[in-house]
Amino acid sequence: MSIPVGHYQYDRIDRDFLQARIAEFEGQVQRRLDGMLSEDEFKPLRLMNGLYLQLHAYMLRVAIPYGILDSRQLRKLGEIARRYDRDYGHFTTRQNIQFNWIRLEDTPAILRELAEVDMHAIQTSGNCIRNVTADEYAGAAADELVDPRVHAEILRQWSTLHPEFTFLPRKFKIAISGSPNDRVAARFHDIGILARPGEDGAPVFRIFVGGGLGRTPVIGEELFDSVREEHILATLEAILRVYNAHGRRDNIYKARIKILVQAIGVEAYREAVEAELAQMDLERYRLTPEAVAAIRSRFAVPLLEAPADADAVLAQQRREDPLFDRWVRSNTHVHRDPGHIIATISLKPAGGIPGDATSAQIARLADLADAYSFGEIRITHLQNVVLGHVRKDRLRDLWLGLSEVGLAEANIGLIGDIVACPGLDYCALANARSIPIAQKLGARFADTALQAEIGALRINISGCINACGHHHAGHIGLLGVDKRGEEFFQLTVGGRAENGAAIGTILGAALPEDETVDAIARLVDCYLGRRESGETFLDTLTRLGHEPFREAAYETV
């Protein structure tokens, strides 16, 4: 069997493991259907298999390890959306996909279909190590120092059904990148890892610990600067052991590692990890060059060949077509190979639902990946899709193909590139609906020329304090709150997840939905009217402070 480009290839052990897990869960599902298990008894079993019970139906969250899948897998996800859901899937901020209208009795069949293409839903929920996320441009970006996919796969194998970390105090999230430009929000994770070459050329890892959003947003602190590759698994094992031993289990709101790090301080946490390492058998955990090479061999490298005039062809096409040129400016990134380019496909059409894709769109994306990017697809933590290796002279053909299915929106990194959780339309925890206000904002700023004029400005929306829409990290953030049974939204400004991570500041009192949309329009007008040449929204906010924006947002309240 050929190895899909950019994708770890399963072997017989992997596949036998999945079949055993499915058989086990099928028995648990049947016992629930037969009434032998109560919902309370069934809950921890279903959560370990990615199955939630939401407001109206079961939701199945499928893992896309470090955000990479191939066209056969994407087609299967489209088939599942068509056969078992309501014809769409929702891509999430953890590089997964969710199906929101699943029947309990169908879940074993769905899991078997996923296993046919080496996919699963294991550890996409529960108090365990969740799906490890990675840079969506891994292995392709010109600015990359270390390709993080190999180590992401090593972490996936290490963390899956880890016997000591199956029932942690709370869920645990890890992100890894190998670029100096943080595209994984490393400092907002329980563990954030940034890889770079060491003095001898071998990778070393900078590790942040104790970051997170939710009820208590915290920027992670540096625990270690230069962990050697051979010791990365031992170090992570020690970090998790300290958390597992000392994390709060008596209070769900204080159970995350960020609370423990805050309580004892990062220095004390570092000392505890070093003490744990000192008594561990480090040889047992040593990651050898041979082990790394074995994992790397299970990833295929694309043969990047392009005609000598590929760049010139693209330049000419951009001059001839202003709409295409605008899409290239917002939706592409520099590739390490001069004849290729990275294309980001927006799942944020004007007035649409962020992160949603129909089964037809999913199938079309699989076809386009085959035609233009070696059959490889990446899912971003910002709810978009990436084709990582597109020949420059074929980029316009890709864009035309995307246009046919409504996926050619030129808004990546702009105000239309809204991040939002499903909110109260689906989630039992939410206080407000995220989807309608995202649609209204998308429609309000639909004009692509206006979006380009505004420039880099990200809106993040969460339906509740759990912050699944990462509102704390949005340049403009919206938090859904309940005021005497009515849905309101609290505004924050100044958050950022990339380099220079920052938590947004609350501007003032929460507003009703329509007033919130108008307030954001006034924030944008304030920025456009007072920015200096070359300033982004965050630049102007930093220079002027919050008061002018607060006055603009609430001028009619």
Side-chain angles (χ1 to χ4, degrees), residues 10 12-65 73 76-77 79-90 92 94 96-131 156-173 244 249-250 252 255 422 425-430 466 468:
Y10 274 33
R12 182 181 59 80
I13 295 174
D14 294 305
R15 297 189 177 105
D16 288 348
F17 165 73
L18 284 190
Q19 292 300 327
R21 285 285 297 187
I22 294 167
E24 178 184 61
F25 187 53
E26 183 175 34
Q28 294 165 350
V29 169
Q30 192 59 53
R31 288 162 62 199
R32 175 69 184 117
L33 292 170
D34 292 342
M36 298 172 64
L37 289 175
S38 68
E39 174 53 33
D40 286 344
E41 292 169 327
F42 183 55
K43 181 178 180 179
L45 304 176
R46 63 172 169 77
L47 288 179
M48 289 299 290
N49 289 278
L51 191 65
Y52 284 75
L53 182 57
Q54 294 197 305
L55 279 177
H56 312 293
Y58 283 96
M59 177 270 281
L60 182 67
R61 180 181 292 150
V62 178
I64 303 175
Q73 293 174 320
K76 177 59 68 176
L77 295 177
E79 291 170 10
I80 289 170
R82 186 176 65 253
R83 292 182 57 190
Y84 298 104
D85 200 279
R86 295 187 175 181
D87 202 41
Y88 69 91
H90 174 73
T92 78
R94 286 215 63 73
N96 294 317
I97 187 170
Q98 293 180 178
F99 298 106
N100 289 311
W101 297 95
I102 298 300
R103 299 194 314 161
L104 176 59
E105 53 267 39
D106 288 336
T107 52
I110 296 171
L111 293 176
R112 283 202 175 87
E113 291 200 32
L114 289 170
E116 290 174 2
V117 293
D118 301 336
M119 297 189 78
H120 61 80
I122 298 168
Q123 291 185 203
T124 57
S125 182
N127 293 340
C128 55
I129 301 172
R130 301 286 187 88
N131 185 35
R156 183 192 72 84
Q157 295 189 21
W158 161 77
S159 63
T160 300
L161 297 191
H162 192 299
E164 193 172 348
F165 306 140
T166 300
F167 295 100
L168 292 166
R170 280 287 275 132
K171 59 186 176 181
F172 203 91
K173 300 177 180 179
N244 201 25
R249 283 183 161 85
D250 61 325
I252 190 173
D425 282 308
Y426 298 100
C427 181
L429 301 176
N466 289 298
C468 294

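A pairwise comparison of heavy atoms in N96 and A63 identifies OD1-CA, 3.3 Å as the closest pair. When all heavy atoms are compared, the tightest approach of Q28 to L37 is O-CD1, 3.7 Å. For the pair L104 and L51, the tightest heavy-atom approach, listed with the atom from each and the gap, is CD1-CD2, 3.6 Å. Counting all heavy atoms, side chain and backbone alike, P65 lies closest to R156 at CB-CD, 3.6 Å. Scanning both residues, D85 and Y88, for their nearest heavy atoms gives OD1-O, 3.5 Å. The two residues A115 and I22 come nearest to each other via the heavy atoms CB-CD1, 3.7 Å.
Residues R32 and E39 meet the side-chain proximity criterion, which asks for heavy atoms closer than 4.5 Å. Looking only at side-chain heavy atoms (C-beta outward), E116 and K76 come within less than 4.5 Å of each other. Using a 4.5 Å cut-off on side-chain heavy atoms (C-beta onward), R112 and P108 make contact. The closest side-chain heavy-atom distance from R21 to L111 is not below 4.5 Å. Counting heavy atoms from C-beta on, the side chains of F17 and Y10 never come closer than 4.5 Å. Contact annotation: the side chain of P422 approaches that of Q98 to within less than 4.5 Å [non-hydrogen atoms, C-beta and beyond]. The side-chain heavy atoms of L55 and C427, taken from C-beta on, include no pair separated by under 4.5 Å.
Here I122 contributes atom CD1 and R130 contributes atom CZ; the two are 14.0 Å apart, rounded to the nearest 0.5 Å. H120 NE2 to Q19 CD: the interatomic distance, rounded to the nearest 0.5 Å, is 13.0 Å. Taken from NZ in K171 to OG in S125, the straight-line distance is 8.0 Å, to the nearest 0.5 Å. Between L53 atom CG and H56 atom NE2 the span is 11.0 Å, to the nearest 0.5 Å. With rounding to the nearest 0.5 Å, the separation of CD1 in I64 from CZ in R94 is 12.5 Å. How far CG of L168 is from CD1 of I129: 6.0 Å, rounded to the nearest 0.5 Å.
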Problem set entry | Trace of the side chain to side chain contact (heavy atoms under 4.5 Å, CB included) decision for L60 with Y84 | CA-CA 11 Å; L60 182 67; Y84 298 104; over 6 Å; no
For this session: Test R15 against D118 for side chain to side chain contact (heavy atoms under 4.5 Å, CB included), laying out the working first.
Result: CA-CA 7 Å; R15 297 189 177 105; D118 301 336; 2.9 Å; yes
Problem set entry | From CA spacing to verdict: salt bridge (Lys or Arg N to Asp or Glu O under 4.0 Å), E79, R82 | CA-CA 5 Å; E79 291 170 10; R82 186 176 65 253; 5.2 Å; no
Exercise. Is there a side chain to side chain contact (heavy atoms under 4.5 Å, CB included) between R83 and E113 once you walk through the steps?
Worked result: CA-CA 11 Å; R83 292 182 57 190; E113 291 200 32; 2.7 Å; yes
Exercise. So N244 and R249, side chain to side chain contact (heavy atoms under 4.5 Å, CB included) or not? Walk me through it.
Worked result: CA-CA 9 Å; N244 201 25; R249 283 183 161 85; 2.7 Å; yes
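For N100 (side chain) and A57 (main-chain N/O), no donor-acceptor pair under 3.5 Å exists by modelled atom type. Within the 3.5 Å criterion, the main-chain N or O of S159 finds a donor-acceptor partner in the side chain of Q123. Panel note: side chain R61, backbone T124; a donor-acceptor pair is recorded below 3.5 Å. Formation of a donor-acceptor pair under 3.5 Å by the Q73 side chain with backbone atoms of V117 is found in this model.
Using a 3.5 Å distance cut-off with no hydrogens or angles, the side chains of Y58 and T107 do not pair a donor with an acceptor.
Using cut-offs of 30° and 60° for the angle between ring planes, the W101 and Y426 rings count as perpendicular.
Salt bridge annotation for E41-R31: absent, with no cationic side-chain nitrogen under 4.0 angstrom from a carboxylate oxygen.
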